[in-house]
Undergrad: 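Let me begin by handing over the structure; questions about it come next.
Along the sequence shown, residues are numbered consecutively beginning with 1. Order of appearance sets the numbers: ligands from 1, and atoms from 1 within every ligand.
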Amino acid sequence: MTLPPISILVVHGPNLNLLGQREPGIYGSLSLADINRLLELEATKLQVGVFPVQSNHEGVLVDKIHSALGDYQGILINAGAYTHTSVALRDAIAGVNLPTVEVHLSNIYRREEFRHHSYIAPVAIGQISGFGAQSYVLGLQALVHHLREKSV
Ligand code: DQA
């Protein structure tokens, strides 16, 4: 059986370009390039394409999400600190109406109170938080599973 082609836009938000050197006790020692490699390996196993982008700028992230329409079937996003502040990112995800999975390296509910609220969660299929780099791999698996369930 040949699987329908699936392409996933992977969106990394602010400060995630510093992974590896940024608070490694919280975020681990892998760099963003390492995480993208892990996603690439998993994508090969799942027979899907992953296309990572990173920006520290809210408007650029909004534009990236808009550009997913037509080219991608789903979005995997770690919005970083914008998770807790950005109505614009939330509206962009709702606007393109593509299945979206929210991921976080750290368990945001075990941390400061201001991290407990996510603007993204209500417009996402689901959220994976607290498994380090594995959160991304689990999130990709969940998103692809969801997309394949939908298409049968
Ligand atoms: C994060 C959690 C956010 O609260 C924080 O601002 C980040 C990273 C995570 O992956 O654990 O930048 O999204």
Undergrad: Give a yes-or-no answer on whether the side chains of E102 and S118 include a donor-acceptor pair shorter than 3.5 Å.
TA: yes
Undergrad: Nearest heavy atom to atom 1 (C) of ligand 1 wins, so pick from E23, H84, H104.
TA: H104
Undergrad: Distance under 4.0 Å to a non-hydrogen atom of S106: what atoms of ligand 1 satisfy this?
TA: 2 (C), 9 (C), 11 (O)
Undergrad: Taking both backbone and side-chain atoms of R115, is any N or O found less than 3.5 Å from an N or O belonging to ligand 1?
TA: yes
Undergrad: I want to know if ligand 1 touches V103 in the polar sense, i.e. an N/O pair below 3.5 angstrom.
TA: no
Undergrad: So, taking the atom named CD1 in I65 and the one named CD1 in I75, what distance separates them when rounded to the nearest 0.5 Å?
TA: 5.5 Å
Undergrad: Measuring from non-hydrogen atoms of T83 to any atom of ligand 1, is the shortest distance under 4.0 Å?
TA: no
Undergrad: R22 heavy atoms, cut-off 4.0 Å: which ligand 1 atoms fall inside?
TA: 7 (C), 12 (O)
Undergrad: With distance as the sole criterion, is a donor-acceptor pair present between the side chains of H12 and N17 under 3.5 Å?
TA: no
Undergrad: Heavy-atom pairs closer than 4.0 Å: do any link ligand 1 to the side chain of L105, the backbone, both, or neither?
TA: both
Undergrad: Could you give me the CA-CA distance, side-chain angles and deciding distance for R37 and E40, then say whether salt bridge (charged side-chain N to carboxylate O under 4.0 Å, His left out) is met?
TA: CA-CA 5 Å; R37 265 191 293 275; E40 190 60 55; over 6 Å; no
Undergrad: Taking H117's backbone N and O only, do any of them form a donor-acceptor pair with H84's side chain (distance below 3.5 Å, no angle check)?
TA: yes
Undergrad: Looking only at the side chains, is there a donor atom on one of Q54 and N56 sitting less than 3.5 Å from an acceptor on the other?
TA: yes
